[in-house]
Amino acid sequence: MTSITLLLIALGLGLAAWLVARAKAWSFQKDGEHCRLAARPNYHAWYVALWVIVPLLAFTIMWAMIEPQLVTNAVLASPAAQNLPQFGFERDSILAEARSVAAGGGAVFNPDSEALVAPFAEAIQRFRLISIAIAIAIALLTGIFAFLKVKPDFAARTRVERAVMAILLLASLVAILTTFGIFASLVFETVRFFGMVSPIDFLFGTHWGPDPMSNPDNPDPSRYGAIPLFWGTIYIGAIIAMIVAIPLGLMSAIYLTQYANPRLRAWLKPALEILAGVPTVVYGYFAALTVAPAIRDAAVAMGIANASSESALAAGVVMGVMIIPFVSSMADDSIAAVPSAMRDGSLALGATTSETIRRVLVPAALPGIVGGVMLAISRAIGETMIVVMAAGAAANLSANPLEAMTTVTFQIVAMLTGEGSFDHPATLSAFALGLVLFIVTLGLNFVALRVVKRFREAYE
Amino acid sequence: MVTVIHPNLEVIDPKMRAVDVSVYYGDKQAIDNVSIDIPARYVTAFIGPSGCGKSTFLRALNRMNDTIPSARVDGTIELDGEDIYRSGMDVVQLRARVGMVFQKPNPFPKSIYENIAYGPRIHGLAETKEELDEVVERSLTRAGLWDEVKDRLNDSGTALSGGQQQRLCIARAIAVDPEVILMDEPCSALDPIATAKIEELIAELTDRYAIVIVTHSMQQAARVSQRTAFFHLGKMVEYGHTSDIFTNPIEVRTKDYITGRYG
């Protein structure tokens with residue numbers, strides 16, 4: 001609530017500052033006939049407005065972080081809080097309930113909270129007033145500071161330009177910092193897990209079957225061998241899926257760039273790219289309800305009696321289909337990036353179109369194609385929904401594509417949604433698996449992007 | 001308006017003959033009723049201002065315009081009396097007989113050896129490795145490049161200098177043993193020294209091939225060609241001995257162009 005009030009104040013004062021500063025800048029232009037402003041009035045206006053809004057936003061964020069603590073401290077100091085339990089879960093829940101009732105209304109459930117509602121409401125109110133006062137003081141201070149700089153020869157334009165750059169930089173940092181945050185949280189939980197199960201057992205063990213109901217203080221390391229998961233992930237995502245996706249994707253890219261007439265291409269290429277937008281859950285249905293039974297029936301018809309209805313083949317094939325647009329659009333881009341002079345050179349020597357593709361275009365575009373395939377693999381091994389629905393949960397270490405297999409992503413879902421408590425090694429193993437997946441896909445992407453980049457440079 | 005053909009131009013049995021050729025890109029006409037005889041063992045130059053259609057006409061001679069979907073060719077073009085636009089014509093064979101060198105050197109991103117061996121391989125001109133080696137050496141020698149590259153045949157063709165790359169492309173065209181070589185402003189991306197080498201090479205190649213060269217530079221046309229055709233706005237204005245075109249032009253437009261009034 002307080003944050004919204006502060007935001008509104010920031011916007012209101014910002015608007016006021018904008019108008020005032022603009023009026024002042026205009027007045028220079030009107031007063032002196034030959035007075036030439038270094039920047040148009042709007043820039044002066046933005047300069048002052050930014051000086052008002054940005055510090056206020058910073059204050060709002062900071063206040064949102066410290067305000068709950070300030071309020072709680074004030075309440076705890078009040079006489080009504082003297083008979084709270086000293087520590088623990090109960091104390092926290094009483095405080096939380098009183099707080100939410102004080103802030104948003106509603107009925108009190110726990111009688112102990114009752115007495116605290118009034119002090120909470122009073123403290124929230126008090127601190128809101130304090131924050132508004134501070135906000136206005138800050139705005140006045142920074143606003144006046146900026147306003148005094150508005151003079152005909154003041155280069156407001158370059159200052160605003162710098163501010164724009166800073167805002168853009170901040171926006172791009174958000175994504176990067178988030179990645180670091182994800183990595184840090186994974187590492188933190190993984191270290192806890194490796195405190196219970198050694199990394200050697202985890203990375204090289206061949207039996208996977210964590211028991212969430214076992215004694216968390218004494219886990220059996222032989223049940224945490226992740227090799228079957230790694231194998232399943234590679235077998236489904238990097239082998240079966242790619243056997244489907246690479247030839248089909250490459251051939252469709254070649255058809256689209258070299259043979260399709262422009263009208264067909266204008267229709268077919270977007271159609272293929274739409275495939276990339278189909279939710280993976282839909283592919284999962286398709287794999288589980290259509291492809292998997294079909295594969296089982298075919299296997300039974302060929303005399304393989306114990307064919308499972310969940311198979312690595314079904315998940316891999318559907319995943320391959322899902323990846324086709326990826327491979328094809330990367331391959332399309334890299335083939336199209338090969339200068340047409342190469343193609344003409346080959347055709348002028350009397351090569352046919354397919355000879356030209358096979359001997360000149362594809363070799364020249366190969367680095368780009370390889371990069372695209374690597375990106376596709378990293379996407380495939382991180383894919384979750386299809387394997388959850390079609391590949392099964394059995395951690396089999398097998399090369400038989402008709403057998404059920406499980407993957408890293410499937411087990412992350414299974415472990416996190418299982419019955420184990422949060423600090424049980426079975427649950428924590430999900431973080432270790434996630435970290436491995438994160439590092440592998442990050443590595444693949446890194447290498448792939450470098451390969452693609454070098455390829456681009458070669459033709460620019 | 002018809003093409004002015006210099007009366008002293010002797011009629012030689014043509015290697016290629018174009019009769020009433022018009023080329024269209026979609027609705028736009030790029031070439032208007034051009035007829036010309038191209039003799040063997042001569043260098044024929046096409047000159048004219050930018051956009052006059054000389055490159056378009058050149059590309060019609062080995063059907064490279066086929067790669068542009070909207071392009072259409074009317075009239076007949078014959079190679080040894082055989083219409084190259086007739087249905088059932090093997091375009092692949094045609095292009096092996098009528099080779100082409102482009103404006104910008106376009107070696108394949110392969111080794112020097114592979115660049116030359118590419119054509120002979122796809123046309124099955126060499127049975128054994130030894131034969132192929134021989135074709136590569138012969139072609140590079142003819143293109144005057146052998147001594148410069150014989151020790152680094154496995155280096156990438158794209159690592160050569162611009163002039164060397166263009167000679168590599170000429171060697172690549174020679175390697176499939178063509179009868180006609182079309183050159184589309186082959187020196188426009190090269191410095192004067194590299195240009196001089198290519199011009200020398202063109203002169204040497206006339207002993208076996210019919211060469212057609214499109215050029216922007218009138219000096220180059222004067223230096224390398226025996227016959228010159230002047231193109232303007234899609235029409236062939238004048239055709240004659242190179243010396244006559246440059247010293248006694250008949251048409252006013254030709255005269256204005258070669259004296260530098262426009263272009």
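Naming convention: chains lettered A, B, ... in sequence-line order (proteins, then strands); numbering from 1 in each chain. Just so you know, these numbers use all the heavy atoms, side chains as well, and skip hydrogens, waters and symmetry mates. All of these numbers come straight from a predicted model, not from anything done at the bench.
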Sort [X] into side chain, backbone, both or neither according to what part of it lies under 4.5 angstrom from a heavy atom of chain A.
X        : result
B:Val101 : neither
B:Arg172 : both
B:Arg59  : side chain
B:Pro105 : neither

To the nearest 0.5 angstrom, please state how far the [atom1] atom of [X] sits from the [atom2] atom of [Y].
X        : Y        : atom1 : atom2 : value
B:Arg95  : A:Thr352 : CZ    : OG1   : 10.5 Å
A:Leu349 : B:His123 : CG    : NE2   : 6.5 Å
B:Phe108 : A:Thr356 : CZ    : OG1   : 7.5 Å

Residue among A:Arg343, A:Glu355, A:Arg359 with most heavy-atom pairs under 4.5 Å to chain B: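 The residue among A:Arg343, A:Glu355, A:Arg359 with the greatest pair count is A:Arg359.
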
With respect to chain B, which residue among A:Ala341, A:Ser340, A:Pro363 yields the maximal number of heavy-atom pairs within a distance under 4.5 Å?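 Answer, by heavy-atom pair count under 4.5 Å with chain B: A:Ala341.
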
Is A:Asp344 close to chain B through its backbone or its side chain, or both, or neither, when contacts mean heavy atoms under 4.5 Å?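 Both parts, backbone and side chain.
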
At a heavy-atom separation under 4.5 Å, does A:Ser346 approach chain B through its side chain, its backbone, both, or neither?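 Backbone plus side chain of A:Ser346, per the 4.5 Å heavy-atom cut-off to chain B.
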
For A:Ala351 versus B:Ile122, what's the shortest heavy-atom pair and its separation?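 Residues A:Ala351 and B:Ile122, closest heavy atoms: CB-CD1, 3.4 Å.
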
At their closest point, which heavy atom of B:Met100 faces which heavy atom of A:Ala348, and how far apart are they?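 Smallest heavy-atom distance, with atoms named: CB-CB, 3.9 Å.
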
For the [atom1] atom on [X], are there more than 12 heavy atoms of other groups (residues, nucleotides or ligands in this structure) within a distance under 6.0 Å?
X        : atom1 : answer
A:Glu273 : CD    : yes
A:Arg263 : CZ    : no
A:Phe446 : CZ    : no
B:Tyr85  : OH    : yes

